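Here is the structure we will look at.
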Amino acid sequence: MKGTCLRSDCGFQDALPCEMGHPNLLDCPNFRATQTATEASVHTQLTEDISSTRLPWTGRALGLNDIVLASARSSANLVGVVGPFNAGKTGLLTALFSHLANSGSVEEFGFAGSFTLHGWQQLRKHTVWPSQTGPSFPPHTPDSGDRVPGLLHLAFRRGSEPIRDFLFTDAPGEWFTRWVSNQGADDAKGARWIADSATQLVFVVDRASLAGEDVGKSRHEILALARVVAEQRRNRPIIIAWTKSDLDIDTDAEAPVRERLREFFGDHRSLNLSVRDPQCMALLAHVLSYSAQCLPALGGTKRGGTSAFSNYRRSVDQ
Amino acid sequence: MSTKTDQRQLLVLGGPASGKTTYRTQLYQRIEHGNCELRLSKSVSDMTAIDKDVARLVKGLQPMHTHQETYHSTDFSVQNTRGLTLTLQFADYGGEQILQIAQANTVPNAWVERARQSDSWLFFIRIDSVREPKSFITHPVDAGAPVIASEKAIEEQTAGQLDAIETLQRLLFVRGSSVREQLVSPRLGVLLSCWDELPSDERLLSPKIVLQRRAPLLDAFLETNWRGSELRIWGLSSTERRLPESSPDLEFAKKGPHLFGYVVNGDGVQNPDLTIPLNWLT
C-alpha cells in the first residue's frame, strides 16, 4: 500500500514493516495512505487490501528486511553457515530440521516456532520417501548476486525463559569461492555480509572431498576459505562440522587439514557428524548453548533489539 | 451461587474434517440431556445452524461437511461448575478457511477480529491422520515400499503439523500476542479428534504422549509457548465410531447420540462428558 508515515524513525519508506507493529498499515495512527489513480479506479483491488491483513512473513526464507521480525522480540543470533562449494551446507541444515521435526527439542531447548516453516518444508520434501523420484538431498542452492543470503529461522525456549531466535544463512558455495579469490569483489558481497554480521559461525567440511581424486583441490579450497574466515572471526564462536563422519574413508589428507584448522581457529569446537545420525543435533545444541548476542548493524536497517517496534510488541502483552 | 452472566467468545480452530461439526452437534446433545459439567441454563434460541446436523446424527448418520464459505455461530446459554452463567458462542465453518490462514500471505480481517476478541481457543486436530513423513535422513529407506507418493501427496504429508503451527503463529500475531514470554492468554484447549480410529496400543496412551509421538514439533510449540496452566490436551471421540454418510447406523440411532462419545483426559482415562474441555475453557 502506498502512503507516508509521520514517524521519522519508521522504516516503512525503506519497505520495512510498520515501526509500531501494525500488520495492517491502515490501523497505524501515523500512517497516511495515498490513493493513486489506479487504486481509486480499481475498487475491487482496494476492497481486497482492506478486507485482509498482510502478514510480515510468508513462511519462505527471510531476507534482510525481515530480520526485524526475529530481532524485535529477542537478541537474535545469526548463524553463518560457511563452507566451500558442495560441502553440504544446505544438506546439513536440512538434516538438522528433519531430526528436529522428529524430536521437537534439542536437549533442554524446546522448539518455539519459525517464520520460515515453508522454507524448511521445501528443503525437507526432497528427502521424503517413498516418492516418484526417490529421496535425495535438496538441489544445490542457486548462485545469485544477492546482497544477503536466504535466512532460515528457528525459535527455541528453555523452560519458561524468554524466547531465543536463530537465523541460519543458506548461501551458495560460489559466494565463498569468489570471496576467497577477491575479498572486495562486488559479486562476493553476500559472503562479506555473512562474515561481518554473523554472531557465530559454522564451518562445514565434507570429509569425503578429502578422499577423492580432487583431494588437492578440495584441501586448497577448505584451507583458503578457513584462512579468510579466521582472519575475520573477531573472537566469535565457531564450530567446525565434519560431515560424513560415519563413512570409513581412508584418507591421509584429513589429519593435516584438521591440524591446519586448529592453527587457524585456535579455540574452537570440532564435531564429527553424520546427517543420518540424530547425534548431528549436537551441532544445534552447541549453537543454542552460545549466549545470545545482539545482532550488529545489519546492512543499514534502522533497528536493533530494543526498537520502538519491540517495545510496542511488549507493551501489547502487558 | 453467582448469578453473574458473562459473554465468552470461543475461537474454534480446525482444518477440514477435523471434527468441529460433529463435536458441536454432540455438545448440544450432551447439554440437552444433562449430567455434564456444563449445564444448559436456557434453551438454544437459534438452532438453525445445527438443525440439519442434529437431524442426521439422531438418524445415525454423520453430519455433512460444512461448506468452505460458511461461518455460523450458535449461542449456548450455560452454567459452568464455578457457578458462572454465560453465553458460549460456538462457531462452525469450512475448515478450508484455517488452511488458507496457514498457507496464504494474508489473514482475512474477520479472522483477525475473532483472534483479537476471543477469550479462549479450542483447536481440533484429527490425530489419526497426523504422522510425520519418512525422510531418508531419519528413517532408513525401505526399498520394497509399495506406495509411490505423488509430489502433491508429499507436500500435504510434510505440511501436516507445520500448517497447525503456522495457523497458531499467525493468529497470535494478528491478535497482538507476543510469544517472547510464555502465553497466559488466550487459554488453549487442544482436542485430538477421531481418537477411536487410532491403533489400539496408542489409545492406551495419554493424549500428550500421542501428540508428542505423532507431531513432535507441534507438541513442543504448544508446550514452550503456553504457560502450563493455560494449556490442556484431550483425546476426543465424539461418536465412538465412524458413522456412515448414507446408510444409517441403526444401533447408534436407537440408543441415542447422547450415549456415545468421550474425551480422554491427561491420564489417558475416558470420560463420557464431552463438555469437560469447554468447562475448563470458560
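Labels below follow one simple rule: chain letters A, B, ... track the order of the sequence lines, proteins then strands, and each chain is numbered from 1. For the numbers below, each heavy atom of this structure counts, side chains included, while hydrogens, waters and symmetry mates do not. Quick caveat, the model's predicted, so the values are computed rather than measured.
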Would the distance check show the side chain of A/R276 and the main-chain N or O of B/I137 forming a donor-acceptor pair, the cut-off being under 3.5 Å?
no
Which one of A/P278, A/G91, A/G113 has the most heavy-atom pairs closer than 4.5 Å to chain B?
A/G113
Does A/Q279 CD have over 12 foreign heavy atoms under 6.0 Å away?
no
Apply side-chain contact (heavy atoms from CB on, under 4.5 Å) to residues B/N105 and A/R54 and explain how you reach the verdict.
CA-CA 6 Å; B/N105 296 338; A/R54 187 169 59 94; 5.6 Å; no
Distance, nearest 0.5 Å, that separates CZ of B/R170 from OG1 of A/T53:
12.5 Å
Check: B/V179 main-chain N/O paired with A/R157 side-chain donor or acceptor under 3.5 Å:
yes
To the nearest 0.5 Å, how far apart are CZ in A/F109 and OG1 in B/T224?
12.0 Å
Is chain B contacted by the side chain of A/W57, its backbone, both, or neither, given a heavy-atom distance below 4.5 Å?
both
Donor-acceptor pair, distance only, cut-off 3.5 Å: does the side chain of B/W111 make one with the backbone of A/S52?
no
Separation between CD of B/E181 and CZ of A/R73, rounded to the nearest 0.5 Å
11.5 Å
Taking the side chain as everything from C-beta on, heavy atoms only, tell me whether A/H118 gets closer than 4.5 Å to B/L162.
no
Taking atom types as modelled, find out whether B/N109 and A/S51 have a side-chain donor-acceptor pair closer than 3.5 angstrom.
no
Do A/F115 and B/F173 have their ring centres less than 6.0 Å from each other?
no
Main-chain N/O of A/A72 paired with B/R180 side-chain donor or acceptor, under 3.5 Å:
no
pair A/H99-B/T138: side-chain heavy atoms closer than 4.5 Å:
yes
Under 4.5 Å from any heavy atom of chain B - which part of A/S103
backbone
Straight-line distance of A/S98 OG to B/K134 NZ, nearest 0.5 Å:
14.5 Å
Are the charged groups of A/R124 and B/E132 less than 4.0 angstrom apart, N to O?
yes
Max heavy-atom pairs within cutoff under 4.5 Å with chain B, candidates A/T127, A/D277, A/V275, A/I163, goes to A/T127
Interchain contact, B/N225 with chain A, by part (heavy-atom threshold 4.5 Å):
both
Least distance between heavy atoms, A/P135 atom then B/F136 atom:
CB-CD2, 3.7 Å
I'd like to verify something: which residue of B/S185, B/A215, B/P140 has the highest number of heavy-atom pairs under 4.5 Å with chain A?
B/P140
Toward chain B, the part of A/S274 with a non-hydrogen atom under 4.5 Å:
neither
Whether B/F221 and A/F111 hold their rings parallel, tilted or perpendicular, with breakpoints at 30° and 60°
tilted
Residues A/G104 and B/A220: closest non-hydrogen pair is O-CB, 3.1 Å
Examine distances only and state if a side-chain atom of B/Q169 and a backbone atom of A/S114 form a donor-acceptor pair shorter than 3.5 Å.
yes
Output the distance between atom CG (A/L117) and atom CD (B/Q161), rounded to the nearest 0.5 Å.
9.5 Å
Using a 4.5 Å cut-off on heavy atoms from C-beta on, say whether the side chain of A/L55 contacts that of B/V107.
yes
Region of A/F137 that comes under 4.5 Å of a non-hydrogen atom in chain B:
both
What part of B/V141 gets closer than 4.5 Å to chain A, counting heavy atoms only: side chain, backbone, both or neither?
both
